[in-house]
Undergrad: 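Quick one: the structure is below, questions incoming.
Whatever order the structure lists them in is the order used to number ligands and atoms, beginning at 1.
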Amino acid sequence: MTTTAPPSWAELVEDLTAEGVLGEPWRAAFLAVPREVFIPEVIWRRDGDDLVALHRAEDPQEWLRRAYGPRYVITQVDDGSPAGPDGRGRVPTSSASRPDIVALMLQAGQVQPGMRVLEIGTGTGYTAALLAHYLGASNVTTIEVDPLLAARAQAALATAGYGEVTVLTGDGAHGHPAGAPFDRVLPTAAAPRVPYAWVAQTRPGGLVVTPWGSAYKPAGLLSLSVNSDGTATGGLINTTISFMELRDQRTPRPEITEVVRDTDIPEVSDTDLHASYVGNDDAPFAVALQVSDCHVEYVAATDDDGHWCVWFLDPRSRSWARFDYHPGTRRWPVHQFGPRRLWDEITTAYHRWEQLGRPAATRWQFTITPHGQHVSLA
Ligand SMILES: C[S@@+](CC[C@H](N)C(=O)[O-])C[C@H]1O[C@@H](n2cnc3c(N)ncnc32)[C@H](O)[C@@H]1O
């Protein structure tokens, strides 16, 4: 490959190394694999609530700055069909992940020479290339649900000299039984419920290291050791990362107006539980484990009276709740509508977490069996 990374990339690599985020062998891989080969000509940047296209040909400096920058690079919106007006996008659906998070995930995978690795969520192919650089391309298999992204990643891998990586198109939730067993399964899309196929296709003693998250709390990196009885156990080793969800486990992120209608007649009550308590520290993990399919939307005060609100939205059942904060009082109104009472569910989950002694997110023990995902306190 003839591309040369700008000096800022070497600086970023050195910074990540100095911070202890990036060590060998991944530091060498970061310096060797040309990241720009994996970044498409059109990337997306935020503009208010929208995403707008940034063409390399139109602004090569900015494109290069982002391709080799410390942030994640949005490489696809709305599953490839921009849903906003004038070609604008609404939701990122593929990206080149943040370099520090790529480093974190690779290191958490404890990959050793000779291992065979299955990556779920090829995206740009960049992570697969880093793995291929270290392990040899023939030891790396990667699955991408989107055929166009898979084809683009395969071409980029070939251009960068890693053409022997096996790139498959399909639903990575099923893994790749024909290639099993793997030593590591490393998904790069979040799984609220870890598919058992990933465990079944990892040899005993191997690891599944996956982003974990839900609509309520889209954050966390889960490391699971596969046991000889075919189950896997582990917990969260990071609670600050955020990832897009596996396509089939996605809860569509709704606009408030998509769920709430003027004609809805909500049930009104009041609460002494401040909404910030259910959104801070380790509480959101406990709530996320108990309350599925619930998006949170904070709406800041728009006037001087200090009133703000938080919406809780489940587009599937068209249930919603709204907590209204008013200063100078200890009880706040709650409106709830739909088949689910979302605020009641959240309150129950929060109080359960309190009764358990407010455990840290890292204390939840995940067990994955053929029958599903079970979570208890370690
Ligand atoms: C954060 S991006 C992956 C970043 C990627 N590892 C890289 O290095 O560029 C997540 C990717 O997972 C893909 N994805 C989502 N659901 C999937 C599924 N069920 N099976 C396979 N890929 C999936 C998305 O299309 C997206 O490209």
Undergrad: Check ligand 1 against Leu149 and write out every atom of the ligand that is under 4.0 Å from a heavy-atom position of the residue.
TA: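 By the 4.0 Å cutoff, the relevant atoms are 25 (O), 27 (O).
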Undergrad: Need the ligand 1 atom indices (1-based, order shown) with element for anything under 4.0 Å from a heavy-atom of Thr127.
TA: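 By the 4.0 Å cutoff, the relevant atoms are 6 (N), 7 (C), 8 (O).
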Undergrad: For ligand 1, which atoms have a heavy atom of Thr124 less than 4.0 angstrom away?
TA: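 Contacts of ligand 1 toward Thr124, numbered from 1: 7 (C), 8 (O), 9 (O).
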Undergrad: Is a side-chain N or O of Gln201 found less than 3.5 angstrom from the main chain of His174, in a donor-acceptor match?
TA: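 Yes, the answer is positive, given that a donor and an acceptor are paired below the 3.5 Å cut-off.
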Undergrad: May I ask you to check if ligand 1 and Asp146 share an N or O to N or O distance below 3.5 Å?
TA: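 It does not: no N or O of Asp146 is found under 3.5 Å from an N or O of ligand 1.
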Undergrad: How far is atom 20 (N) of ligand 1 from its nearest protein heavy atom, and which residue and atom is that?
TA: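 For this ligand atom, the closest protein heavy atom is Gly172 N, 2.7 Å.
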Undergrad: Has the side chain of Thr188 got a donor or acceptor atom that lies under 3.5 Å from a matching backbone atom of Gly121?
TA: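 Indeed, once roles are kept as given, a pair shorter than 3.5 Å links the two residues.
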Undergrad: Got Leu131 and Leu106 here, is their nearest side-chain heavy-atom distance under 4.5 Å?
TA: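 Heavy-atom side-chain distance check passes, below 4.5 Å.
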Undergrad: Going by distance only, is there an N or O of Ser97 that falls short of 3.5 Å from an N or O of ligand 1?
TA: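 There is no such contact.
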Undergrad: Side chain, backbone, both or neither: which part of Glu119 has a heavy atom under 4.0 Å from ligand 1?
TA: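 Side chain only.
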Undergrad: What is the closest protein heavy atom to atom 10 (C) of ligand 1, and at what distance does it sit?
TA: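 Checked against all protein heavy atoms, atom 10 (C) of ligand 1 sits closest to Thr188 O, 3.6 Å.
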Undergrad: Counting heavy atoms only, name the option from Leu168, Val73, Val145 that's nearest to atom 18 (C) of ligand 1.
TA: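 Shortest heavy-atom distance from atom 18 (C) of ligand 1: Val145.
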Undergrad: Against ligand 1, does Val102 come closer than 4.0 Å with any heavy atom?
TA: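 No.
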Undergrad: Any Lys/Arg nitrogen of Arg116 or Asp183 sitting under 4.0 Å from an Asp/Glu carboxylate oxygen of the other?
TA: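 The answer is no: the pair does not qualify as a salt bridge.
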Undergrad: With heavy atoms under 4.0 Å as the rule, classify the contact between Thr93 and ligand 1 as side chain, backbone, both or neither.
TA: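 Backbone only.
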Undergrad: Quick one: does Asp59's side chain have a donor or acceptor within less than 3.5 Å of a partner on Glu62's backbone?
TA: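 Present.
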Undergrad: State the atoms of ligand 1, each with its element, that fall below the 4.0 Å cut-off from a heavy-atom position in Ala96.
TA: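 Listed by number with element, the hits are 9 (O).
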Undergrad: Counting heavy atoms only, name the option from Ala128, Gly175, Ser94, Ala156 that's nearest to atom 27 (O) of ligand 1.
TA: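 Among Ala128, Gly175, Ser94, Ala156, the closest heavy atom to atom 27 (O) of ligand 1 comes from Ser94.
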Undergrad: Can you report which non-hydrogen protein atom sits closest to atom 5 (C) of ligand 1, along with the distance?
TA: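 Here the nearest protein heavy atom works out to Thr122 O, 3.3 Å.
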Undergrad: Among Pro92, Ser95, Gly121, which one has a heavy atom closest to atom 2 (S) of ligand 1?
TA: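 Closest candidate by heavy-atom distance is Ser95.
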Undergrad: Could you list the atoms of ligand 1 found under 4.0 angstrom from a heavy atom of Leu246?
TA: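 Numbered from 1, ligand 1 contributes 16 (N), 17 (C), 18 (C), 19 (N).
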Undergrad: Under 4.0 Å from any heavy atom of Ile143, which atoms of ligand 1 are there?
TA: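 Answer, ordered by atom number: 21 (C), 22 (N).
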Undergrad: With Asp50 as reference, evaluate Arg90, Arg88, Arg45 under the side-chain hydrogen bond (donor to acceptor under 3.5 Å, both in side chains) test and give the passing residue.
TA: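 Considering Arg90, Arg88, Arg45, a side-chain hydrogen bond (donor to acceptor under 3.5 Å, both in side chains) with Asp50 is found only for Arg88.
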Undergrad: How about Phe285 and Trp364: are their ring centroids closer than 6.0 Å?
TA: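 No, ring centres 6.0 Å or more apart.
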Undergrad: Cation-pi check for Tyr126 against Arg35: NZ or CZ below 6.0 Å from the six-membered ring centre and within 45 degrees of the axis, yes or no?
TA: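 That pair qualifies as a cation-pi contact.
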Undergrad: Determine whether any heavy atom of Gly170 lies closer than 4.0 Å to an atom of ligand 1.
TA: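 In this structure, Gly170 qualifies as a contact of ligand 1 - some heavy atom is under 4.0 Å.
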Undergrad: Give a yes or no on whether the backbone of Gln373 and the side-chain of Arg193 come within a donor-acceptor separation of less than 3.5 Å.
TA: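 No, because the side chain of Arg193 does not come within donor-acceptor range (under 3.5 Å) of the backbone of Gln373.
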Undergrad: Where is the nearest protein heavy atom to atom 19 (N) of ligand 1: which residue, which atom, and how far?
TA: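 So the nearest neighbour among protein heavy atoms is Asp171 OD1, 2.9 Å.
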Undergrad: Considering heavy atoms of the protein only, find what lies nearest to atom 25 (O) of ligand 1 and give residue, atom and distance to 0.1 Å.
TA: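 Protein heavy atom at minimum distance: Glu144 OE2, 2.6 Å.
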Undergrad: With a 4.5 Å heavy-atom cut-off, do Asn238 and Leu104 have their side chains touching?
TA: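 Answer yes - side chains close enough.
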Undergrad: Tell me whether the count of non-hydrogen atoms from other residues, nucleotides or ligands lying under 6.0 Å of OH in Tyr298 goes above 12.
TA: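 Atom OH in Tyr298 is crowded, with more than 12 foreign heavy atoms closer than 6.0 Å.
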Undergrad: For atom 15 (C) of ligand 1, what's the nearest protein heavy atom and its distance?
TA: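 It is Arg247 N, 3.6 Å.
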Undergrad: Could you tell me if the side chain of Ser225 sits less than 4.5 Å from the side chain of Leu207, heavy atoms only?
TA: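 Heavy-atom side-chain distance check passes, below 4.5 Å.
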Undergrad: Hey, what's the ring geometry for Trp26 with Tyr134, parallel, tilted or perpendicular (30° and 60° as the breaks)?
TA: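 If you compare the ring of Trp26 with that of Tyr134, the planes turn out perpendicular.
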